[in-house]
Amino acid sequence: MADTLALRLKDEIVSGRLRPGEKLATEQQISETYGVSRPTVREAIGRLKHDGLVLTRQGAGAFVADPSAVSVFRLDIADFSDREEIRNIVELLMAIEATATEHAAVRRTDGNLTAIEAQLNAMQAAVDRGETGVDEDVAFHRAIVEAAGNPFFLDLSDFLDRRVRNFIRTARTNTARIGGLTQAVQAEHQAIFEAIVRKDAVAARSAAENHLRNAAARLALYLEK
């Protein structure tokens with residue numbers, strides 16, 4: 001409910017129906033207008049404030065900020081069953097993950113390598129137990145991004161993890177339902193790891209791109225069923 005309300009209020013702001021500097025209605029008024037509780041209103045306002053769309057003033061209430069001045073990046077993903085949405089997400093992930101993997105192959109330390117291998121093995125153990133291994137998958141790729149040695153890559157990767165984890169979860173769950181694909185996915189991870197071991201930046205980037213393309217294809221395959 002808070003997400004829905006935040007999006008509706010955001011639309012009011014971006015469209016210009018609520019202008020910069022204009023005071024928002026009170027919690028009680030918004031609650032009555034949209035038929036939601038006051039805690040839901042507070043949560044929605046808090047999200048708009050976090051996104052830089054709303055400013056709060058002690059004792060005065062909430063006011064509309066200037067949308068053109070917003071410096072907070074937000075990624076709204078509406079429908080993970082939409083093929084166009086999947087394509088857009090994969091392109092974004094590929095641009096970040098493939099580049100980070102390329103850097104990781106060059107910059108990784110022995111400690112990084114140990115951490116990456118540990119998550120690779122954890123994924124295999126999860127698969128052997130009949131689990132999806134989503135958390136291990138996320139941790140594997142995060143260990144690679146950490147090895148890239150760029151804190152901005154890490155920050156953006158963490159942001160995307162929170163937004164696209166459902167994509168990863170769905171892809172891995174669907175893989176488990178289609179016979180023979182689980183080990184194919186693990187082989188893709190193994191290829192990434194081996195390229196990093198060899199410090200082969202070109203092969204590491206190629207393996208990461210191949211893995212993401214295949215993840216999207218596997219998800220599309222399931223959606224067709």
Side-chain angles (χ1 to χ4, degrees), residues 1-101 103 134-135 137-139 141-171 212 216:
M1 291 294 292
D3 279 336
T4 301
L5 178 58
L7 286 173
R8 293 178 70 176
L9 292 173
K10 176 183 177 181
D11 182 62
E12 293 284 314
I13 294 170
V14 174
S15 68
R17 290 189 291 273
L18 287 173
R19 299 182 179 280
E22 185 175 343
K23 184 178 179 180
L24 295 186
T26 65
E27 281 186 8
Q28 184 62 39
Q29 290 170 330
I30 295 174
S31 173
E32 293 173 355
T33 299
Y34 292 95
V36 297
S37 67
R38 292 183 66 174
T40 296
V41 174
R42 282 194 292 273
E43 187 176 351
I45 296 299
R47 295 183 188 189
L48 294 174
K49 182 179 178 181
H50 179 268
D51 289 343
L53 291 171
V54 165
L55 301 172
T56 55
R57 300 173 189 166
Q58 187 77 24
F63 296 80
V64 178
D66 183 354
S68 65
V70 173
S71 61
V72 177
F73 177 71
R74 183 181 179 95
L75 181 64
D76 293 317
I77 303 169
D79 185 5
F80 278 101
S81 68
D82 184 278
R83 287 173 176 77
E84 184 70 11
E85 198 94 309
I86 293 170
R87 183 186 66 81
N88 292 338
I89 289 298
V90 169
E91 285 183 357
L92 181 59
L93 282 174
M94 194 175 293
I96 297 164
E97 295 285 344
T99 301
T101 304
H103 289 316
V134 173
D135 292 336
D137 190 326
V138 170
H141 290 287
R142 192 182 196 284
I144 292 173
V145 175
E146 287 179 347
N150 184 325
F152 295 115
F153 270 125
L154 194 58
D155 288 346
L156 186 53
S157 180
D158 284 345
F159 172 85
L160 288 173
D161 275 350
R162 293 191 293 273
R163 296 304 189 276
V164 306
R165 189 179 294 269
N166 188 52
F167 169 80
I168 299 170
R169 188 178 302 278
T170 304
L212 285 168

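When the side-chain contact (heavy atoms from CB on, under 4.5 Å) test is applied to Ala147, the partners found at least two apart in sequence or on another chain are Ala104, Arg108, Asn112, Ile116. Applying the side-chain contact (heavy atoms from CB on, under 4.5 Å) test to Ala62 and every residue at least two apart in sequence or in another chain returns Leu24, Ile45, Val54, Thr56. Under the salt bridge (Lys or Arg N to Asp or Glu O under 4.0 Å) criterion, Glu27 pairs with Arg38, Arg42, sequence neighbours left out. The salt bridge (Lys or Arg N to Asp or Glu O under 4.0 Å) test applied to Glu22 returns no partner, not counting sequence neighbours. By the salt bridge (Lys or Arg N to Asp or Glu O under 4.0 Å) test, Glu32 pairs with no residue at all, sequence neighbours left out. Partners of Phe153 by ring-ring contact (aromatic ring centres under 6.0 Å, His included), not counting sequence neighbours, listed by chain and number: His103.
Although no hydrogens or angles enter the test, the distance criterion places a donor-acceptor pair under 3.5 Å between the side chain of Ser15 and the main chain of Glu12. Judged purely by atom type and a 3.5 angstrom limit, Lys10 has no side-chain atom pairing as donor or acceptor with the backbone of Leu53.
Across Gln29 and Thr26, no two heavy atoms sit closer than the pair OE1-N, 2.9 Å. Here the closest heavy-atom approach between residue Ala100 and residue Ala148 is recorded as O-CB, 3.5 Å. Ser37 and Ser31 make their closest contact through C-OG, 3.9 Å (heavy atoms, listed as atom of the first residue, atom of the second, distance).
To the nearest 0.5 Å, atom CG of residue Leu156 and atom CG of residue Leu92 are 7.0 Å apart. With values rounded to the nearest 0.5 angstrom, Leu212 atom CG is found 11.5 Å from Glu91 atom CD.
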Worked verdict on Tyr34 versus Leu9 for side-chain contact (heavy atoms from CB on, under 4.5 Å)
CA-CA 10 Å; Tyr34 292 95; Leu9 292 173; 3.9 Å; yes
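Among Val36, Leu48, Thr33, the one residue that satisfies the side chain to side chain contact (heavy atoms under 4.5 Å, CB included) test with Leu5 is Val36.
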